[in-house]
There are 2 protein chains.
Amino acid sequence: MKKKVTLKQMARELDVSISTVSKALRNSKEISEDTRDKVQAFAKLYNYRPNNIALSLKNRKTKTIGIIIPEIVHHFFSKVIRGIELVANKRGYNVIVGLSNESFDKEVINMEMLANGSIDGFILSISKETLQQQDYHHFNETISQGMPIVMFDRVVNEINCDKVIVDDILGSKKAVNKLIETGCKNIAIITTKDYVSVGRLRTQGYLEALEEHKRIPESRLILKVDDKLVSEDHLEVLETEIELLFEQNKDLDGIFAVNELYAIIAMKVARKHNKRIPEDIQVIGFTDGVLSKHATPSLTTVSQHGQKIGEKTAVLLIDKLENEDEEERYQTVIIETELIERESTK
Amino acid sequence: MKKKVTLKQMARELDVSISTVSKALRNSKEISEDTRDKVQAFAKLYNYRPNNIALSLKNRKTKTIGIIIPEIVHHFFSKVIRGIELVANKRGYNVIVGLSNESFDKEVINMEMLANGSIDGFILSISKETLQQQDYHHFNETISQGMPIVMFDRVVNEINCDKVIVDDILGSKKAVNKLIETGCKNIAIITTKDYVSVGRLRTQGYLEALEEHKRIPESRLILKVDDKLVSEDHLEVLETEIELLFEQNKDLDGIFAVNELYAIIAMKVARKHNKRIPEDIQVIGFTDGVLSKHATPSLTTVSQHGQKIGEKTAVLLIDKLENEDEEERYQTVIIETELIERESTK
DNA sequence: TTGTACGCGTTATCAA
DNA sequence: TTGATAACGCGTACAA
């Protein structure tokens with residue numbers, strides 16, 4: 001077992017000073033060709049690599065990005081991570097992941113753990129509990145300590161930082177417009193409670209689309225699910241609520257769901273009610289995950305381009321890290337959504 | 001913007017030495033109560049937290065685990081990460097993620113990047129390219145440098161390290177047995193080429209199950225997919241191959257697929273051929289992901305308990321890290337699979 | 001051309 | 001009770 005070799009050890013072996021070794025390795029021409037070659041050969045032999053931690057301490061940079069997300073077993077978030085990792089790696093950064101599991105406390109603890117020198121900046125999406133409690137002190141503190149944050153998807157206006165979001169309103173309007181144009185008369189929305197920002201915005205898009213077509217939104221067609229009840233184990237609750245929606249609205253012929261799971265379950269219920277998709281009822285979801293693509297019929301959906309979101313957040317963060325002196329301007333980048341048409345619509 | 005405060009700064013402000021501050025904060029009773037209180041109050045005020053990097057350098061431990069996986073947009077792998085993160089956090093560790101993207105080079109680069117002091121040990125699953133090239137020098141090198149590795153799922157015997165795997169053979173046998181017992185006469189398997197270890201093992205389980213029931217495996221019923229062709233964009237290739245399987249075997253009444261995607265597509269093809277599931281043909285997959293759960297009909301599948309696998313790898317690694325002097329015994333832990341019965345079987 | 005000294009932030013040891 | 005010093009591993013300004 002040959003342990004990692006350090007400058008010091010090599011210096012001792014070669015009977016020169018540490019700084020000579022250091023300089024020789026960095027090809028400084030202060031050093032004679034002779035010793036340079038000797039040192040480099042030795043270093044190669046022992047497979048020397050500078051210690052990241054020592055470098056971090058010295059440079060006061062870790063070249064590491066901290067990601068805090070609510071959940072990793074989730075197509076959208078993992079796509080975002082993939083995007084972040086892609087550009088981070090390309091620019092010589094590593095990525096360290098913390099999961100808040102939708103909990104305020106875990107979010108805070110995780111951030112504190114990483115903020116003490118482990119990383120250079122954060123990329124994060126806010127947990128539901130935090131959104132509900134509206135307690136954002138931990139974000140403000142890290143920012144005021146000089147550690148930049150880039151938020152994505154679940155963001156909040158109160159915080160002064162770069163943001164990357166999806167055009168939720170526009171995306172929803174595209175979806176609802178599609179339903180209207182293909183002849184739907186009674187379009188329901190299955191959405192979340194309003195404290196989830198993306199749910200609220202997508203609902204708003206739905207309302208605006210209807211109004212632009214001179215239609216009057218009807219509360220009987222709006223189902224706001226409390227998604228604390230929609231954990232893996234409580235899907236029946238969701239299904240029951242959607243059942244009710246169907247039974248109370250026999251004339252239903254279009255559904256817009258703010259995520260793909262809601263949409264898939266809506267299709268299931270539709271089938272139970274012997275409605276053909278898309279002939280009798282059309283369905284559109286939000287978020288382009290595996291479910292949408294491989295469902296039967298495959299689901300028309302609003303794609304958020306998670307990977308692109310991730311890439312953009314990473315670019316923003318790294319640019320900020322590498323141009324410290326820059327003026328303090330924060331931008332909010334909007335990534336366009338795209339309506340991917342599949343079999344669940346005409 | 002109040003930057004992070006250090007021992008040195010506090011020492012200067014309070015007009016004491018650095019070591020006094022350090023001791024006072026750690027409640028050393030060498031220090032008088034007076035100064036102790038004074039220092040602690042000051043530290044609290046300025047929200048002092050020791051710098052992780054400095055601690056890492058001093059202790060030669062980073063309290064960080066490096067994860068290298070082939071792909072993160074994948075239900076199984078993200079479940080494993082969740083499991084790792086869960087126990088890692090509980091035991092005071094962070095988790096840093098590198099993606100190999102199934103490429104040998106990226107795997108090597110990522111490992112080198114992390115091995116130079118950034119982490120204390122690795123948890124990883126081998127990329128397909130590495131498995132194919134059978135070049136494992138990077139694993140052996142990191143191990144011989146004294147950095148422990150725990151492998152999971154895609155492992156290889158040649159490497160001397162802890163491993164956590166699934167009872168792939170037994171899991172497959174459970175699945176095939178189920179098909180046999182519910183009356184299937186002609187059971188096909190849709191699997192991968194043999195260099196993917198889990199594919200090979202699952203195929204083996206299929207063969208063994210048949211033999212134990214005195215059935216002779218028939219090559220016409222064995223479809224080995226080259227999954228370099230089954231990237232997101234080439235699913236049609238897969239579908240075509242499965243079509244062929246159906247057309248050449250009109251008597252097909254059972255399918256065992258080594259992952260859920262293959263199974264879902266098989267169901268799709270079955271429907272195209274007007275075969276009812278499960279009446280005319282039964283289908284079982286491997287890996288319990290969202291697709292299985294929400295497909296119609298929902299898919300009977302062999303669950304691998306990804307989260308449990310992740311938890312176990314983390315326990316093994318951290319135990320090893322915290323008992324350095326332990327004897328060098330490597331274990332291979334097998335996590336039991338479970339057949340989750342849903343609508344695609346009788 | 002090579003070596004010494006310093007600093008990054010901590011803690012531990014030993015001296016005052 | 002407090003403080004000075006060394007050490008973790010590295011790079012660099014400055015001295016020899």
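Naming convention: chains lettered A, B, ... in sequence-line order (proteins, then strands); numbering from 1 in each chain.
- Note: CD1 (Ile53(B)) to P (dC8(C)) measures 16 Å, nearest angstrom.
- Among dT2(C), dA12(C), dG9(C), the nucleotide with an atom closest to any side-chain atom of Ile31(A) is dT2(C).
- Within the 4.0 angstrom heavy-atom criterion, only backbone atoms of the sugar-phosphate kind lie near Arg49(B); the bases stay farther away.
- Backbone-only engagement by Thr35(B) is indicated by non-hydrogen atom pairs under 4.0 Å involving sugar-phosphate atoms exclusively.
- The CG atom of Asp37(A) sits 15 Å away from the C1' atom of dT1(C) (whole-angstrom rounding).
- Of all nucleotides listed (dT4(C), dC14(C), dG7(C)), dT4(C) comes nearest to the side chain of Ser17(A).
- The interatomic distance linking Asn116(A) (CG) with dC8(C) (C1') rounds to 16 Å, in whole Å.
- Between Lys90(A) and Glu311(A), no side-chain nitrogen of the basic residue sits less than 4.0 Å from a carboxylate oxygen of the acidic one, so the salt-bridge criterion is not met.
- The phosphate of dC8(C) has OP1 or OP2 within less than 4.0 Å of a side-chain N or O from Lys8(B).
- Within the 4.0 angstrom heavy-atom criterion, base atoms lie near Ser19(B).
- Side chain of Tyr48(B), nearest nucleotide from dC10(D), dG9(C), dT10(C): dT10(C).
- For the pair Asn51(A) CG and dC8(C) C1', the interatomic distance rounds to 13 Å; values are reported in whole Å.
- With respect to Arg154(A), the salt bridge (charged side-chain N to carboxylate O under 4.0 Å, His left out) criterion is satisfied by exactly one of Glu71(A), Glu102(A), Glu129(A): Glu102(A).
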